[in-house]
Amino acid sequence: MRVQNVSLKKGACLIADVHYKKGDEKFLSLLRYWLENPPPQIFFLGDIFHLLLPFDYLIEYNKDAIELINRLARKTEVYYTPGNHDFNLDTIFKNIKIADAFVDEEKSVFLTHGDLTDKDIFYKFYVFLIRNYLGNKLLNLVSFNFVNNWLFKAILQKKVKCLKIFDFKAKIKSKIADIDYKMIVEGHYHQNESFDFGDKRYVNLGAFVCDGSYFVYENEIKGYQWMTKLSKSAQTNSNS
């Protein structure tokens, strides 16, 4: 896992699981708002795109959002943790800091998408396969784009699930046992829930695709909804 240090600033915006598809004006309007009113930092915590890898078909399909995010990087600090739907992004976002996780050692905050901290060995193997850049490139060359483009179109048709996970708190307690930070912030699960485990605070961000949620760091994680920007009661004010 690639981990980079960061100094998390008050007012930083965090967003996860947008699952952007071509023509998603709700997300594009939020990006334009941030361009006009840039926060001090923006953290894109994975699955921002329903599918984005460094292939021509997907870059063209997602070009409107890609262009706006690259413009944001010229106005403010932009950080990106790849998810299981968007990875191998270094050639697409050349001026954006990309890592599997960002950590603020002073504030003891750990930020990541959430799939790479999963302990399930079968899921780990799956992630290894799908994130294998050389393997994807080889398949692309051998098939003259046919296999990948057919697969891409099929994946882009899939709907996103916005369901509650049974016994989610117990799953998370085991999952984060070895992560030694006081605040752990992830996306991936689409749950929009927070838990305290002793002196650890776990925050699972809501999925923008499900409820339009994004989050702001103000010594705690506060949730808002785009377009209304109403503060969400699902996130408590006890984060620190």
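Just so you know, residue 1 is the first one in the sequence shown, and it goes up from there. Side-chain atoms are counted along with the backbone in the values below, which use heavy atoms only and exclude waters and symmetry mates.
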For F166, the other hydrophobic cluster members (4.5 Å side-chain criterion, sorted by chain and number) are none
- Look only at the side chain of K161 and the backbone of H190, and say whether a donor-acceptor pair between them is shorter than 3.5 Å. no
Tested for side chain to side chain contact (heavy atoms under 4.5 Å, CB included) against H113, the lone hit among D100, I48, N84 is N84
For the backbone of S7 and the side chain of E106, can you confirm whether one donor and one acceptor N or O come within less than 3.5 Å of each other? no
In residues 64-78, what donor-acceptor pairs under 3.5 Å come from side-chain atoms, sequence neighbours left out?
residue : atom : partner : partner atom : Å
N70     : ND2  : I66     : O            : 3.4
N70     : ND2  : I92     : O            : 3.3
K75     : NZ   : L35     : O            : 3.1
T76     : OG1  : P39     : O            : 2.5
T76     : OG1  : P40     : O            : 3.0
E77     : OE1  : Q41     : NE2          : 3.0
E77     : OE1  : Y79     : OH           : 2.6
E77     : OE2  : K9      : NZ           : 2.6

*Answer whether the closest heavy-atom distance between the side chains of V185 and F43 falls below 4.5 Å.*
no
Hits for side-chain contact (heavy atoms from CB on, under 4.5 Å) against K171, two or more places apart or cross-chain, chain-then-number order -> D118, Y189
In F87, Y80, F44, the residue satisfying side chain to side chain contact (heavy atoms under 4.5 Å, CB included) with I98 is Y80
Sorted by chain and residue number, the salt bridge (Lys or Arg N to Asp or Glu O under 4.0 Å) partners of K10 (sequence neighbours excluded) come out as none
**Prompt:** Is the side chain of D47 donor-acceptor paired with the backbone N or O of A16 at a distance under 3.5 Å, no angle test?
**Reply:** no
Hits for salt bridge (Lys or Arg N to Asp or Glu O under 4.0 Å) against K159, two or more places apart or cross-chain, chain-then-number order -> none
*Would you say D167 has more than 12 foreign heavy atoms packed within less than 6.0 Å of its CG?*
yes
Could you tell me whether a side-chain N or O of N204 sits under 3.5 Å from a main-chain N or O of G187, the two making a donor and an acceptor? yes
The complete set of disulfide bond (SG atoms under 2.5 Å apart) pairs with one or both residues in residues 45-115, sequence neighbours excluded, reads none
Going by heavy atoms in the side chains, are V6 and Q4 under 4.5 Å from each other?
no
Check your understanding: Has the side chain of N62 got a donor or acceptor atom that lies under 3.5 Å from a matching backbone atom of L51?
Key -> yes
When every non-hydrogen atom of Q225 is compared with those of D211, the smallest separation belongs to NE2-O, 3.0 Å
Sequence neighbours excluded, the answer for salt bridge (Lys or Arg N to Asp or Glu O under 4.0 Å) partners of D104 is K107
Self-check item: N/O donor-acceptor pair under 3.5 Å between Q157 side chain and F152 backbone
Solution: no
Here the disulfide bond (SG atoms under 2.5 Å apart) pairs for residues 169-223, sequence neighbours left out, are C162-C210
Short side-chain donor-acceptor distance under 3.5 Å, D115 and H188: no
message = Using side chain to side chain contact (heavy atoms under 4.5 Å, CB included), reason through F195 and K200 one step at a time and then give a plain yes or no.
response = CA-CA 8 Å; F195 306 118; K200 286 184 183 179; over 6 Å; no
Whether over 12 other heavy atoms sit under 6.0 Å from K26 NZ: yes
E25 meets the side chain to side chain donor-acceptor pair (under 3.5 Å) criterion, sequence neighbours left out, with R32
Can you confirm whether the side chains of Y202 and E193 place a donor and an acceptor under 3.5 Å from each other? no
Angle between ring planes, Y214 versus W226, binned at 30° and 60°: parallel, tilted or perpendicular?
perpendicular
Note: R201 and S194 closest approach over all heavy atoms is NH2-CB, 3.4 Å
Taken in chain and number order and not counting sequence neighbours, the residues that satisfy ring-ring contact (aromatic ring centres under 6.0 Å, His included) with H50 are H19, H85
Students should find that the hydrophobic cluster of V209, defined by side-chain heavy atoms under 4.5 Å apart, otherwise consists of V160
Quick one: sort the F49 and Y20 rings into parallel, tilted or perpendicular, breaks at 30° and 60°.
perpendicular
So disulfide bond (SG atoms under 2.5 Å apart) across residues 38-89, not counting sequence neighbours, yields none
Checklist line | I184 side chain near I172 side chain, heavy-atom distance below 4.5 Å | finding: no
- [ ] Check whether any side-chain N or O of K97 sits under 3.5 Å from a backbone N or O of F102 as a donor-acceptor pair, and report yes or no.
- [x] no
